[in-house]
Amino acid sequence: MARVVCITLNPALDLAFNLETLTLGHVNRPDSAHLEAAGKGVNVARVLASLGHEVTVSGFLGSENDAPFALAFRQLGLTDAFVRVPGSTRINAKLAEKSGRVTDINSPGMPITPAHITALRDTLNGMFQHTPAPQAVVVAGSLPPGIDQHLFAELLATLKGYGVPLWIDTSGPALLTAIAAQPAAVKPNEMELAEWAGSKLDSDQKRQAAAEQLYASGIEHALISAGAEGVLWVSQQGIWHSIPPSVTATNTVCAGDTFVAGMLHGLLSGFLPQDTLRFATALSAEAVRHVGVGTPHADDFDSLQQHTRVRRLDDTITEGATL
Ligand SMILES: Nc1ncnc2c1ncn2[C@@H]1O[C@H](COP(=O)(O)OP(=O)(O)O)[C@@H](O)[C@H]1O
Ligand SMILES: O=P(O)(O)OC[C@H]1O[C@](O)(COP(=O)(O)O)[C@@H](O)[C@@H]1O
């Protein structure tokens, strides 16, 4: 199993509500409510830890409400290297309706100062100078106030300088900065990548063209997800497409994070490309059946994998496992 660092610059407590129907402008009374330590990198870490990897989590956490995070990290066996900053970590509301529709309300997050950034850099330096060094680093989620594109680009350059594969999952201007940094992998969804692509990515053909363009721009693993329509993956190992099994989508929050973790797991474990994509796609489909990240320990996980369709769209690119 591998050592992985998951960085969440803007974590969140996810407050998930399950409602029959959301009625704007009225009192809504959900069937259930659930509060969980989250944010993209934290969610990726949850999945990797459940798959047996040794995971360190880092980024910025508000010191005033870090108890649910500290508890979750202990329970999951994650090493906590988050820099504490004064204030409270944001709360994001996730309103899931019976129809499967989810409304996300993602708050801006706590302001981060240059001193906090220096503290994070020191923490990361210590981590990567230690042997054995981590084998991969994931940076996932939005940027908090105080971290602009310039600072983000500098941080990514530092992480690339450590010489381990850098995986990034973010959106908006940060996604453009991430792509320009030429990391080992990016995993936008089709809507997040539309701005970079300059048009809607509303078909497999358009997603394939965009993934090939990302790959050509210097990204080893270009991954584009499109919900139930599946994933386009371009790498040295070929051009692959997957379609998830049909499941009842109860809550799609965390599906993307679960998918990223599944791909990283497959590649770190030396799975064949088709097995890696099948595993990650099935795991993310598992995630949408309930609140939170997907679990490979679900009773029917083998069946979910069997019902995941994976096919290679080319056979000209040389196969060879790289991370
Ligand atoms: N309705 C769904 N049914 C089955 N699988 C889904 C569904 N929605 C998402 N997934 C799985 O989760 C993955 C990530 O979901 P997606 O919505 O594309 O990303 P994100 O959560 O980052 O927006 C998809 O590639 C797919 O495998
Ligand atoms: O940092 P952002 O872009 O605001 O996203 C944070 C939100 O994304 C999540 O990590 C879920 O992400 P996915 O649905 O893409 O897997 C939530 O836990 C969190 O509230």
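Counting starts at 1 for both ligands and their atoms, following the listed order.
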Quick check on contacts: which atoms of ligand 1 are under 4.0 angstrom from a heavy atom of [X]?
X	result
Val247	3 (N), 4 (C)
Thr281	27 (O)
Ala226	18 (O)

(request) Please work out which of the three classes, parallel, tilted or perpendicular, describes the rings of Tyr162 and Phe128, given edges at 30° and 60°. (result) parallel
(request) Take the angle between the ring planes of Phe279 and His265 and call it parallel below 30°, perpendicular above 60°, tilted in between. (result) tilted
For [atom], what is the closest protein heavy atom, and at what distance to 0.1 Å?
atom	answer
atom 10 (O) of ligand 2	Asp257 OD2, 2.8 Å
atom 6 (C) of ligand 2	Arg90 NH2, 3.6 Å
atom 2 (P) of ligand 2	Ser142 OG, 3.4 Å
atom 15 (O) of ligand 2	Lys40 NZ, 2.9 Å
atom 19 (C) of ligand 2	Asp14 OD1, 3.5 Å

Within a distance under 4.0 Å of any heavy atom of [X], pick out the atoms of ligand 2 and give their elements.
X	answer
Asn92	6 (C), 19 (C), 20 (O)
Gly39	10 (O), 18 (O)
Gly141	1 (O)

Would you say ligand 2 has an N or O under 3.5 Å from any N or O of [X]?
X	answer
Cys254	yes
Ala12	no
Asn106	yes

(message) Regarding ligand 1, does Ser284 bring an N or O atom to under 3.5 Å of one of the ligand's N or O atoms?
(response) yes
(request) Decide whether an N or O pair under 3.5 Å exists between Lys187 and ligand 1. (result) yes
(request) Please state whether Lys94 comes within less than 4.0 angstrom of ligand 2, counting heavy atoms only. (result) yes
(message) If we check side-chain contact (heavy atoms from CB on, under 4.5 Å) with Leu277, which of these qualifies: Leu272, Thr308, Val231?
(response) Val231
(message) Heavy-atom distances under 4.0 Å decide this one: backbone, side chain, both or neither, for Ala228 against ligand 1?
(response) both
(request) Could you tell me whether Asn189 approaches ligand 1 through its side chain, its backbone, both or neither, with non-hydrogen atoms closer than 4.0 Å? (result) side chain
(message) Does only the side chain of Ala255 get under 4.0 Å from ligand 2, or the backbone, or both, or neither? Count heavy atoms.
(response) backbone
(request) Working to the nearest 0.5 Å, report the span between CD of Glu212 and OG of Ser217. (result) 12.5 Å
